[in-house]
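The block underneath contains the structure these notes are about, expressed in structure tokens.
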Amino acid sequence: MASRRFELALSGLSRRPLACLFCEARRSFTSSAIRAARVEKPASGTSMDPQADIKGAPIEAPRSYGKRFKGVFTPKPLPRPIGMPLPPKEGENTGTDHRTRQQRKEDFGNYEKHLERRKELTAKIARPYFRDWGNLQYHEGKSFIAPPRLFKAELSLFFPNLHGETLLKTDRKPRDTTPLLTGKASVVSFFSSRWAEQQVGSFVSKEENPGLHEVLAQHGDNAQLVNINYEDNAGKAFLVRLFMGSLRKQFPEKDWDKYFLVRRGVSDNIRESIGLLNSKVGYVYLVDQYCRVRWAGSGNAHPEEQQGLARGLGRLIDEMKREATLPATAREQHPGKQHLEVPKAL
């Protein structure tokens, strides 16, 4: 009787395909464990048409992609608030590949991912290398005119999180910009070369804009000046690290954590969203305590833009003080705050 049952079991096993047995074993194995969220490879961020994903009227200015600009160009005021649609989070835009070895192996054999990578490489190769240099002939690269007033808080968009090293000697690990910007009114300078740094200085230096530094000195607890040096070239980044000592001499020690050397993470989508239309030009942003872009300038500053930056910073500080007098429930309902606050431990 026992041998008969054994024969029937073997006959049923032989009739079942080997693939079905393998699938069943695989299902029983995978169902017993909870898989972690998939980590994707950070893309190069190069796109054939970065404007396609941006809502609202585009900024009318020469760009490093698309058709070469011909004719007479005159910078115009920003047509809309600029920035990212979602609030920034720590750990975003680091450019670091956090995939496991198994995920890398699976992606290597994924044809769809190869097609996406092919599109990125095609867009990068098709982009003229000297286009940004050529666009400097138009008003020394100035992309737009700064708005005369701050963008309304309820309509403003967000400044992205960036990740890079600072001038600190004690802690040389890369840091995120979002924790630094949260809770203060910040004047953020973004540049990639000495030329761009000089343009930024026309907005924020003490010699060119003493009114701005008067506001910073009066409200040092609520306002700050942040510098972001973006160097995607490994050789240039190495030289900047080599001369970190001379950079520290240019800033007081209390501001060493406010100078960032960013290597990667600035995609075409970020550039188009916040108006970084020329990599050789300097840009200045006025960011409120919720990381929203409330004002922006580019290229060499005009006198009215210098005054507008100092006046806008003072107004942001007044908004912060006025909000501090509101009830706690009213402050918690403020736009953007719920996305930026650290969740309390249960």
Side-chain angles (χ1 to χ4, degrees), residues 42-46 64 88 90-97 124 127 129-133 135-136 140-141 143 159-181 186-209 224-268 270-271 274-285 287 296-301:
S44 66
T46 308
S64 60
E90 296 183 45
E92 291 180 334
N93 308 319
T94 61
T96 306
D97 193 352
K124 184 177 293 186
R127 184 163 300 182
Y129 180 78
F130 294 102
R131 177 69 64 82
D132 283 341
W133 290 107
N135 290 336
L136 293 179
E140 297 182 338
S143 304
F159 191 83
N161 179 73
L162 298 177
H163 190 76
E165 304 174 25
T166 64
L167 298 179
L168 290 174
K169 291 183 178 180
T170 55
D171 185 7
R172 299 192 177 185
K173 294 182 180 179
R175 296 185 172 195
D176 294 312
T177 57
T178 298
L180 179 68
L181 300 180
S186 306
V187 180
V188 181
S189 302
F190 191 101
F191 52 90
S192 300
S193 61
R194 182 57 183 168
W195 166 269
E197 188 175 4
Q198 291 175 352
Q199 289 184 325
V200 163
S202 66
F203 279 95
V204 303
S205 68
K206 195 170 184 179
E207 296 77 16
E208 297 288 345
N209 198 347
Q224 60 184 352
L225 186 62
V226 180
N227 292 278
I228 299 177
N229 186 353
Y230 180 69
E231 293 291 353
D232 57 349
N233 184 285
K236 292 182 179 179
F238 173 77
L239 292 177
V240 174
R241 290 196 192 95
L242 194 63
F243 293 98
M244 279 288 194
S246 61
L247 284 175
R248 293 188 183 98
K249 297 178 181 179
Q250 301 178 20
F251 302 94
E253 188 172 353
K254 64 182 181 62
D255 293 336
W256 286 356
D257 62 334
K258 300 178 181 63
Y259 187 101
F260 288 82
L261 173 61
V262 179
R263 283 285 321 280
R264 53 180 72 92
V266 182
S267 63
D268 280 353
I270 291 178
R271 287 187 174 278
I274 65 176
L276 290 172
L277 305 182
N278 193 320
S279 62
K280 313 305 178 187
V281 176
Y283 294 85
V284 177
Y285 301 90
V287 182
S298 68
N300 290 314

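What you see below is based on every heavy atom in this structure, not just the backbone, and it leaves out hydrogens, waters and symmetry mates.
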What do the steps show when you test Ile228 against Val188 for side-chain contact (heavy atoms from CB on, under 4.5 Å), and what is the final call? CA-CA 7 Å; Ile228 299 177; Val188 181; 3.7 Å; yes
Sequence neighbours excluded, the answer for ring-ring contact (aromatic ring centres under 6.0 Å, His included) partners of Phe260 is none
Mark yes or no for whether Ser143, through its side chain, and Ser298, through its backbone, hold a donor-acceptor pair below 3.5 Å. no
Just verifying a value: how many Å separate Lys258 NZ and Ser186 OG, rounded to the nearest 0.5 Å? 9.0 Å
Mark yes or no for whether Asn161, through its side chain, and Thr178, through its backbone, hold a donor-acceptor pair below 3.5 Å. yes
Check whether any side-chain heavy atom of Leu180 lies under 4.5 Å from a side-chain heavy atom of Asp257, and answer yes or no. yes
Among side-chain atoms of Ser279 and Tyr230, is any donor-acceptor pair under 3.5 angstrom? no
Could you check whether any side-chain N or O of Tyr283 sits under 3.5 Å from a backbone N or O of Leu277, counting only pairs where one atom can act as donor and the other as acceptor? yes
Derivation of the side-chain contact (heavy atoms from CB on, under 4.5 Å) call for Ile274 and Phe190: CA-CA 11 Å; Ile274 65 176; Phe190 191 101; 5.7 Å; no
Show the nearest heavy-atom pair for residues Trp133 and Lys280, with the distance to one decimal. NE1-CE, 3.4 Å
Answer yes or no: is there a donor N or O on one side and an acceptor on the other, between the side chain of Gln199 and the main chain of Gly141, under 3.5 Å? no
Would you sort out whether Leu261 and Glu231 count as a side-chain contact (heavy atoms from CB on, under 4.5 Å), showing the intermediate values? CA-CA 7 Å; Leu261 173 61; Glu231 293 291 353; 4.1 Å; yes
The side chain to side chain donor-acceptor pair (under 3.5 Å) partner of His163 among Asp176, Asn93, Thr177 is Asp176
Partner of Glu165 by side chain to side chain donor-acceptor pair (under 3.5 Å), out of Arg175, Arg241, Lys173, Arg172: Arg241
Val240 and Leu247, any side-chain heavy atoms less than 4.5 Å apart: yes
Which value, rounded to the nearest 0.5 Å, describes the distance between Ser192 atom OG and Asp232 atom CG? 7.0 Å
Closest heavy-atom pair and its distance - Val200, Gly282: CG2-CA, 3.7 Å
What heavy-atom pair brings Leu136 and Trp195 nearest, and what distance separates the two atoms? CD2-NE1, 4.1 Å
How far apart are the closest heavy atoms of Leu167 and Met244, and which atoms are they? CD2-SD, 3.1 Å
Indicate yes or no for a side-chain donor-acceptor contact from Trp256 to the backbone of Thr166 under 3.5 Å, with no hydrogens or angles considered. no
Donor-acceptor check, side chain of Tyr259 to backbone of Phe251, threshold 3.5 angstrom: yes or no? no
Looking only at heavy atoms, the pair that brings Pro160 and Pro88 closest together is C-CB, 4.1 Å
I'd like to check Leu225 versus Asp255 (side-chain heavy atoms, cut-off strictly below 4.5 Å). Are they in contact? no
Might you point out which heavy atoms bring Ser202 and Gly299 nearest each other, and give the distance in Å? OG-O, 4.0 Å
What is the distance from atom CG of Asn233 to atom CZ of Arg263, rounded to the nearest 0.5 Å? 8.0 Å
